[in-house]
Every structure is written in structure tokens, then in C-alpha cells.
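Below: one structure, written as C-alpha cells.
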Amino acid sequence: MSELPIGSIVTAFYKTGKYIGEITDIRPQSYLVRVLAVLKHPMQGDLHHPKEAMVEIFHERKALSYREHMNAPKKMVKLYSEETIPAYNQSLQVALEKMRQELQKDDSEFAALSLKNLEILNAEFYKLS
């Protein structure tokens with residue numbers, strides 16, 4: 001696979017979230033990507049024990065902020081194929097709603113804790129609705 005150039009608009013996974021961003025630097029194993037929009041909100045809870053509620057700390061996981069940089073492993077970065085990039089706040093709201101809908105279909109304790117975390121994040125950080 002050939003290396004993507006600086007300035008490329010890409011999709012990138014970071015932890016459990018997926019973002020649209022711009023490559024601003026190339027590193028040996030990763031690209032430095034500036035976040036422009038959210039495609040998938042990060043999962044809540046412990047990254048080492050996904051979908052488990054009975055963990056030591058059930059973390060609130062925020063989406064990366066607009067223009068925040070991330071080191072995305074090169075294998076997790078692909079060219080963005082759409083013509084337009086959604087506005088950050090709009091994309092975050094869509095990603096949150098999609099995650100809410102998926103969690104509401106699940107009657108597990110993990111889903112209940114995740115929904116609670118999403119409400120806290122929205123009230124304290126996002127303030128979207």
C-alpha cells in the first residue's frame with residue numbers, strides 16, 4: 001500500500017471511534033490526523049473488556065474534539081470517498097443518536113450504563129440537545 005500524502009482527507013479509527021480527518025503529518029507507523037467529523041462515537045466502558053458492565057471502572061469515553069489530533073495507525077486510515085464532509089457538531093449528533101438507538105435495543109447492564117454515560121457526556125461536554 002502506498003503512503004497517503006499530507007493534506008489527504010481520510011477516515012480513521014481511533015480506539016473504538018471512527019472519524020473523518022486530514023493528514024497533517026506522517027510518522028513511521030501512523031498518520032497524525034486532524035479530526036473534522038465523527039462517523040462512529042467511541043464505545044463506553046473499559047476498552048480491555050468490551051461490552052462488559054462488571055469492570056473496575058466503567059469509563060465515559062468522549063469523541064475526539066473538532067480539530068483535535070490523533071495518531072492513527074496507518075492500517076486504520078483510508079481515503080475518504082464522499083464529496084462533502086459533514087459539519088462536526090452535526091456529525092457528532094448523528095453518531096450519538098445512532099449509538100443510542102443501538103443501545104436501546106439491548107437490555108443488558110452494559111447498554112444501560114453506556115446510555116447513562118452518553119447522557120452525561122451530552123450534558124457536560126457536547127450540549128447538543
Side-chain angles (χ1 to χ4, degrees):
M1 181 174 103
S2 63
E3 199 161 87
L4 299 170
I6 291 175
S8 295
I9 302 299
V10 297
T11 61
F13 285 93
Y14 184 75
K15 298 194 179 176
T16 61
K18 185 176 180 183
Y19 303 90
I20 300 169
E22 177 184 7
I23 294 175
T24 59
D25 195 14
I26 300 169
R27 300 191 170 160
Q29 301 298 318
S30 64
Y31 293 110
L32 187 62
V33 177
R34 179 185 305 132
V35 173
L36 301 175
V38 181
L39 290 174
K40 180 184 178 293
H41 193 280
M43 289 185 61
Q44 301 303 294
D46 187 334
L47 292 178
H48 302 291
H49 301 93
K51 297 198 175 193
E52 289 186 26
M54 301 306 293
V55 292
E56 194 170 322
I57 300 174
F58 196 87
H59 297 276
E60 293 173 3
R61 302 232 176 256
K62 285 185 0 179
L64 296 176
S65 301
Y66 180 64
R67 298 183 61 83
E68 183 174 350
H69 279 88
M70 65 172 142
N71 279 306
K74 287 183 177 179
K75 65 182 179 180
M76 304 302 280
V77 176
K78 306 285 184 244
L79 278 174
Y80 181 62
S81 60
E82 302 296 320
E83 286 190 27
T84 60
I85 300 169
Y88 177 84
N89 282 345
Q90 178 187 9
S91 70
L92 176 59
Q93 197 162 19
V94 168
L96 272 172
E97 187 55 34
K98 184 176 179 184
M99 181 168 271
R100 271 192 202 111
Q101 288 175 3
E102 290 172 6
L103 291 168
Q104 287 170 345
K105 295 176 189 173
D106 184 346
D107 64 352
S108 69
E109 188 176 351
F110 167 80
L113 289 171
S114 293
L115 284 167
K116 181 180 170 189
N117 277 6
L118 291 180
E119 294 310 315
I120 291 168
L121 289 171
N122 193 31
E124 293 182 7
F125 296 103
Y126 305 147
K127 299 178 174 118
L128 295 172
S129 55

All N/O donor-acceptor pairs, side-chain side in residues 63-71, below 3.5 Å, sequence neighbours left out:
from, atom 1, to, atom 2, distance (Å)
Glu68, OE1, Ser65, N, 2.8
His69, NE2, Thr24, OG1, 3.2
Asn71, OD1, Arg27, NH1, 2.7

(request) Mind checking side chain to side chain donor-acceptor pair (under 3.5 Å) for Gln101 and listing every partner two or more places apart, or none if nothing turns up? (result) Glu97

(request) Taking all heavy atoms of Tyr19 and all of Lys62, pick out the closest pair and write down the distance. (result) OH-O, 4.5 Å

(request) Applying side-chain contact (heavy atoms from CB on, under 4.5 Å), run through Gln44 and Leu121 and close with a yes or a no. (result) CA-CA 11 Å; Gln44 301 303 294; Leu121 289 171; 3.7 Å; yes

(request) Flag the pair Glu109 / Leu113 as yes when at least one side-chain heavy-atom distance between them is below 4.5 Å, and no otherwise. (result) yes

(message) To check you understand the geometry: which heavy-atom pair defines the closest contact between Met99 and His41, and what is its length?
(response) CE-O, 3.1 Å

(message) How long is the straight-line distance from CZ of Arg34 back to CG of Asp25, given to the nearest 0.5 Å?
(response) 11.0 Å

(request) Report the hydrophobic cluster partners of Leu32, with the cluster defined as I, L, V, M, F, W, Y residues connected by side-chain heavy atoms closer than 4.5 angstrom, directly or transitively. (result) none

(request) Applying salt bridge (charged side-chain N to carboxylate O under 4.0 Å, His left out), name anything that partners Glu60, two or more places apart in sequence or on another chain. (result) none

(request) Please identify each residue that fulfils salt bridge (charged side-chain N to carboxylate O under 4.0 Å, His left out) with Glu119, with sequence neighbours left out. (result) Arg100

(request) Please assess Leu36 against Ile9 for the test side-chain contact (heavy atoms from CB on, under 4.5 Å), listing each intermediate value before the final yes or no. (result) CA-CA 9 Å; Leu36 301 175; Ile9 302 299; 4.0 Å; yes

(request) Mind listing the closest non-hydrogen atom pair of Ala37 and Pro86 along with its distance? (result) CB-O, 3.6 Å

(request) Please list, chain by chain and in numerical order, all residues satisfying ring pair (Phe, Tyr, Trp, His ring centres under 6.0 Å) with Phe110, sequence neighbours excluded. (result) Phe58

